[in-house]
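All chains are named by letter (A, B, ...) in the order of the sequence lines, taking the proteins before the strands, and each is independently numbered beginning at 1. Keep in mind that this is a model prediction, so the values were computed, not measured. Only heavy atoms go into these numbers, but all of them, side chains included; no hydrogens, no water, no symmetry mates.
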Amino acid sequence: MAQNSKPADAVTPRLGKPLKRSFFNRSVHEVAPDLIGATLLVDGVGGIITEVEAYHHLDPAAHSFRGPTPRNRVMFGPPGFAYVYRSYGIHWCVNFVSEAEGSASAVLIRALQPTHGLPAMRRRRGLQDERALCSGPGKLTEALGITIKHNELPLDVPPFALHARLGNADIAAGVRIGITKAVDLPWRYGLKGSRFLSKPF
DNA sequence: ATAGCGATGTGCT
DNA sequence: GCACATCGCTATA
């Protein structure tokens, strides 16, 4: 065994340029597909975003649809901040606030292809299977250590780091998963053909 | 492969 | 009370 050999897990792809907060100051329907292929890291642990969903403030499925509450208030602030909420009393889910301040729109991050900090993710998830580490919104927050402590934090400042995707991506779109309102809107976006999705498109 | 179910915080009626 | 932007386990095929 050569001394300088590394496990496949340790291979870390080149990163694109850091995303500035202004990246999110656009329509949520532009931001969401542009996030596919970007890299999300929290304290250096994370991977390539493979699946997201857009939630617009006029969309009945959005948490902001009925106005501000203590839970969703960050959605009503400026873009480029994290909205973390508890799902089904058990899991954390993370969104990126988008559009102009007060528009209360956000992008739910649903799946990643793990690339950085695989040992930490495996430890937090209690799993080995790379494909299962971040293949769902509750799974990826557990793998990256995202909790309510990350709510309202800016996305261009540590512990968060976002890097734009390199080159083009083949983007698939489909209906959103697990919702009961506005079920027909095709606002789920993903990396076509990726093995790291919560469900195939 | 698909179905049922339990875990339970936050917001709604 | 009830619904919900979920997940992992169990049972059945």
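- A/Arg21 is linked by a side chain to side chain donor-acceptor pair (under 3.5 Å) to A/Asp156, counting only residues two or more places apart in sequence or in another chain.
- Of the listed residues (A/Asp34, A/Val31, A/Val94), just one forms a side chain to side chain contact (heavy atoms under 4.5 Å, CB included) with A/Val107, and that residue is A/Val31.
- Against DNA chain B, the stretch residues 64-77 of chain A makes heavy-atom approaches under 4.0 Å through A/Arg66, A/Thr69, A/Pro70, A/Arg71.
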When you look at A/Arg73 and A/Glu152, which way does the side chain to side chain contact (heavy atoms under 4.5 Å, CB included) test go after all the steps? CA-CA 9 Å; A/Arg73 69 186 195 113; A/Glu152 306 195 350; 3.1 Å; yes

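- At least one donor-acceptor pair closer than 3.5 Å links the side chain of A/His57 to the backbone N or O of A/Ser103.
- The closest donor-acceptor contact from the side chain of A/Thr141 to the backbone of A/Gly138 lies under 3.5 Å.
- Using C1' as the reference atom, B/dT10 and C/dG8 are 23 Å apart when rounded to the nearest Å.
- A donor-acceptor distance shorter than 3.5 angstrom exists from the side chain of A/Thr69 to the backbone of A/Asn72, with no hydrogens or angles considered.
- As rounded to whole Å, 10 Å separates atom P of B/dG11 from atom NE2 of A/His63.
- Residue A/Ser198 is out of contact with every strand shown, counting any heavy-atom pair closer than 4.0 Å.
- In terms of modelled atom types and a separation under 3.5 Å, the side chain of A/Arg131 and the main chain of A/Ser135 share no donor-acceptor contact.
- Listed by chain and residue number, nothing satisfies the side chain to side chain donor-acceptor pair (under 3.5 Å) test with A/Ser87 (two or more places apart in sequence, or in another chain).
- Contact record, A/Lys199 with A/Arg188: O-NH2, 2.5 Å, taken as the closest heavy-atom pair.
- The residues A/Arg122 and A/Asp129 are annotated as not salt-bridged, no charged nitrogen and carboxylate oxygen being separated by less than 4.0 angstrom.
- Only one option out of A/Leu144, A/Val45, A/Leu40, A/Leu41 pairs with A/His116 in a side chain to side chain contact (heavy atoms under 4.5 Å, CB included); it is A/Leu41.
- Contact annotation for A/Arg188: no contact, since no heavy-atom pair falls under 4.0 Å across all strands.
- Of the residues in residues 96-112 of chain A, those lying under 4.0 Å from DNA chain C by heavy-atom distance are A/Leu108, A/Arg110.
- The same atom, P, is picked in C/dA5 and in B/dT13; the two are 14 Å apart, to the nearest Å.
- Residue A/Val94 is the one, among A/Val94 and A/Lys139, whose nearest nucleotide of DNA chain C lies closer to the 5' end (criterion: closest heavy atom).
- At least one cation-pi condition fails for A/Arg176 and A/Tyr189: the charged atom is not both under 6.0 angstrom from the six-membered ring centre and inside a 45 degree cone around its axis.
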Please, what dot-bracket string fits DNA chain C when only Watson-Crick and G-U pairs with both distances under 3.5 Å count, crossing ones use [ ] and pairs to another strand use |? ||||.|||||||.

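- Without hydrogens or angle criteria, A/Glu53 side chain to A/Ile177 main chain gives a donor-acceptor distance under 3.5 Å.
- Put simply, chain A comes within 4.0 Å of DNA chain C, heavy atom to any atom, from C/dC4 to C/dG8, going 5' to 3'.
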